[in-house]
2 protein chains.
Amino acid sequence: MSQPEKRRKILDAAVSVFARNGYYSSKVSDIAREAGVADGTIYLYFKNKEDLLIQVFLDTMGSILERQEQVQAGMTDPTERLRAFITTHYDLVASSPALAEVVTVELRQSSKFMRSTDMKPFGKYLAIIARIVQEGQEQGVFASTVQPRRIARALFGVLDEFALEWAMAEHPAPLAEMADETTQIFLEGLRARPGAR
Amino acid sequence: MSQPEKRRKILDAAVSVFARNGYYSSKVSDIAREAGVADGTIYLYFKNKEDLLIQVFLDTMGSILERQEQVQAGMTDPTERLRAFITTHYDLVASSPALAEVVTVELRQSSKFMRSTDMKPFGKYLAIIARIVQEGQEQGVFASTVQPRRIARALFGVLDEFALEWAMAEHPAPLAEMADETTQIFLEGLRARPGAR
DNA sequence: CCGCGCTGAATGGTCGTTCATTCAGGCCCT
DNA sequence: AGGGCCTGAATGAACGACCATTCAGCGCGG
């Protein structure tokens with residue numbers, strides 16, 4: 001087995017074990033067993049247990065960012081771009097629930113980690129949303145009463161909360177429905193508008 | 001010192017230590033030192049370390065629920081009630097940042113805990129929001145296109161995310177501003193409306 | 001038969017939890 | 001009122017389980 005392949009196997013095992021037990025209750029030896037390697041092998045590919053968590057995050061954010069940028073590339077209408085961003089986010093969550101749980105739940109733990117430079121990819125994710133909002137405002141399609149950066153945070157909060165609910169619930173509602181309602185809330189708000197569709 | 005007083009001291013110390021180091025990195029002996037008691041004393045008041053975390057949560061949610069219900073009691077207009085709920089939430093966060101950090105960050109860790117019956121108070125918190133939305137819909141003030149329960153989750157996600165940002169940032173924006181923007185987003189949404197205020 | 005990737009048993013340090021011991025204060029008997 | 005007895009809250013040193021990390025050696029491909 002080639003080296004990158006082994007690295008992948010370990011990362012995948014880590015995601016699955018972290019999701020099942022939480023980071024602190026996960027034993028390195030469990031990850032090794034699930035990856036089909038010896039305990040020591042993990043230390044040939046990662047500095048230590050925490051590094052493993054960080055690499056999971058960086059690896060995941062990398063491909064998520066790539067995917068979102070790719071989706072956005074072909075689009076211009078801000079409303080459609082926002083909708084697409086939301087749908088893509090939930091698609092990613094659905095395609096790997098364990099990964100979603102690790103990234104949303106486990107990572108939140110350590111403020112040490114939250115402040116570290118490794119959070120940059122997260123900032124980039126927010127920037128994609130903020131950009132959509134800003135362009136929408138410039139085109140007059142979105143109201144300019146709220147800062148794009150703020151909206152980005154708010155939207156992420158909702159995506160994260162719904163993902164968490166979905167990951168935890170026994171019989172979760174379909175994510176497609178959640179995507180629709182998320183979009184609805186952000187575009188239209190709560191207020192009833194006579195004659196609005 | 002009377003027993004309830006000592007219990008309080010330990011709970012307060014736990015909040016402060018958990019907020020500083022995270023639950024798993026916190027040592028029982030650190031909490032004991034900060035509370036000014038011996039290690040063993042903690043076990044006279046709490047079953048074990050995890051129980052300490054749970055009691056912090058139950059204790060906190062109890063007073064938060066009480067406060068929100070009290071605020072809601074005197075109000076009828078759904079819009080105002082929503083605004084008041086949001087403002088009160090941020091007031092509570094501001095009044096005890098360490099507590100806010102523990103409840104929003106540390107508790108998320110254990111899905112074992114998230115699923116346990118002790119989460120009921122959290123369900124009650126969501127129910128307060130859902131109720132406001134539902135009554136607003138019945139009065140025709142709010143659109144009926146989204147389920148109240150869903151809105152409640154979404155709003156909580158935003159409150160939580162903003163609280164987290166506020167707790168982590170070096171020079172956080174004033175929470176009053178966040179309260180305004182949160183309200184704005186949920187009531188009006190993003191879409192520009194010619195002639196709307 | 002070299003050396004590289006890998007192994008997994010051994011190590012050492014870290015706490016959560018226990019419990020034998022202390023002692024302040026309340027109670028009763030004279 | 002004095003003083004001896006008792007209680008149980010509080011203490012903190014010691015214990016032992018647990019696990020991340022290491023490293024001496026193994027075996028396989030070239």
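Naming convention: chains lettered A, B, ... in sequence-line order (proteins, then strands); numbering from 1 in each chain.
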A.B. asks: How about CZ on A:R131, more than 12 heavy atoms from neighbouring residues, nucleotides or ligands closer than 6.0 Å, or not?
C.D. replies: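 Count not over threshold, so no.
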A.B. asks: Dump every N/O contact between nucleotides 15-17 of chain C and the protein below 3.5 Å, one line per pair.
C.D. replies:
| residue | atom | partner | partner atom | Å |
| --- | --- | --- | --- | --- |
| C:dG16 | OP1 | B:S26 | O | 3.2 |
| C:dG16 | OP1 | B:K49 | NZ | 2.9 |
| C:dG16 | OP2 | B:V28 | N | 2.7 |
| C:dT17 | OP2 | B:Y43 | OH | 2.8 |
| C:dT17 | OP2 | B:K49 | N | 3.0 |

A.B. asks: Looking only at side-chain N and O atoms, does B:Q68 offer a donor or acceptor that is under 3.5 Å from a partner on B:Q72?
C.D. replies: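 Absent: no donor and acceptor within the cut-off.
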A.B. asks: Report yes if a side-chain nitrogen or oxygen of A:T41 is closer than 4.0 Å to either non-bridging phosphate oxygen (OP1 or OP2) of C:dT7; otherwise report no.
C.D. replies: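 Result: yes.
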A.B. asks: What is the distance from CG of A:L44 to C1' of D:dG25, rounded to the nearest Å?
C.D. replies: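 Rounded to whole Å, this separation is 14 Å.
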A.B. asks: Using 30° and 60° as the class boundaries, would you call the ring planes of B:Y23 and B:F18 parallel, tilted or perpendicular?
C.D. replies: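 B:Y23 and B:F18: perpendicular rings.
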A.B. asks: Side-chain polar contacts of residues 29-39 of chain B - donor-acceptor pairs under 3.5 angstrom, sequence neighbours left out - could you list them?
C.D. replies:
| residue | atom | partner | partner atom | Å |
| --- | --- | --- | --- | --- |
| B:D30 | OD1 | B:R33 | NH2 | 2.9 |
| B:E34 | OE1 | B:R20 | NH2 | 2.9 |
| B:E34 | OE2 | B:S16 | OG | 2.5 |

A.B. asks: Rounded to the nearest Å, what distance is computed from the CD atom of residue A:E5 to the P atom of nucleotide C:dC6?
C.D. replies: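 Those two atoms, CD and P, are 11 Å apart.
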A.B. asks: Can you check the B:I42 CD1 to C:dC19 P distance for me, whole Å?
C.D. replies: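 Going from B:I42 (CD1) to C:dC19 (P), I get 18 Å.
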A.B. asks: With a 4.0 Å cut-off, would you call A:R8 and A:D59 a salt bridge?
C.D. replies: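 A:D59 and A:R8: salt-bridged.
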A.B. asks: Rounded to the nearest angstrom, tell me the gap between atom CG in A:L52 and atom C1' in D:dT21.
C.D. replies: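 From A:L52 CG to D:dT21 C1': 14 Å.
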A.B. asks: Nearest-Å distance, OH (A:Y45) to P (C:dG5)?
C.D. replies: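 So the OH-P distance, A:Y45 to C:dG5, works out to 8 Å.
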A.B. asks: Separation of B:K6 atom NZ from D:dG8 atom C1', in whole Å?
C.D. replies: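 Between C1' of D:dG8 and NZ of B:K6: 13 Å.
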A.B. asks: Compute the centroid of each ring, for A:F57 and then for A:F122, and state whether the two points are separated by less than 6.0 Å.
C.D. replies: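 No, the ring of A:F57 stays outside the 6.0 Å limit from the ring of A:F122, centre to centre.
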A.B. asks: Send over the distance from B:I10 CD1 to D:dT11 C1', rounded to a whole Å.
C.D. replies: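 Value for this atom pair: 13 Å.
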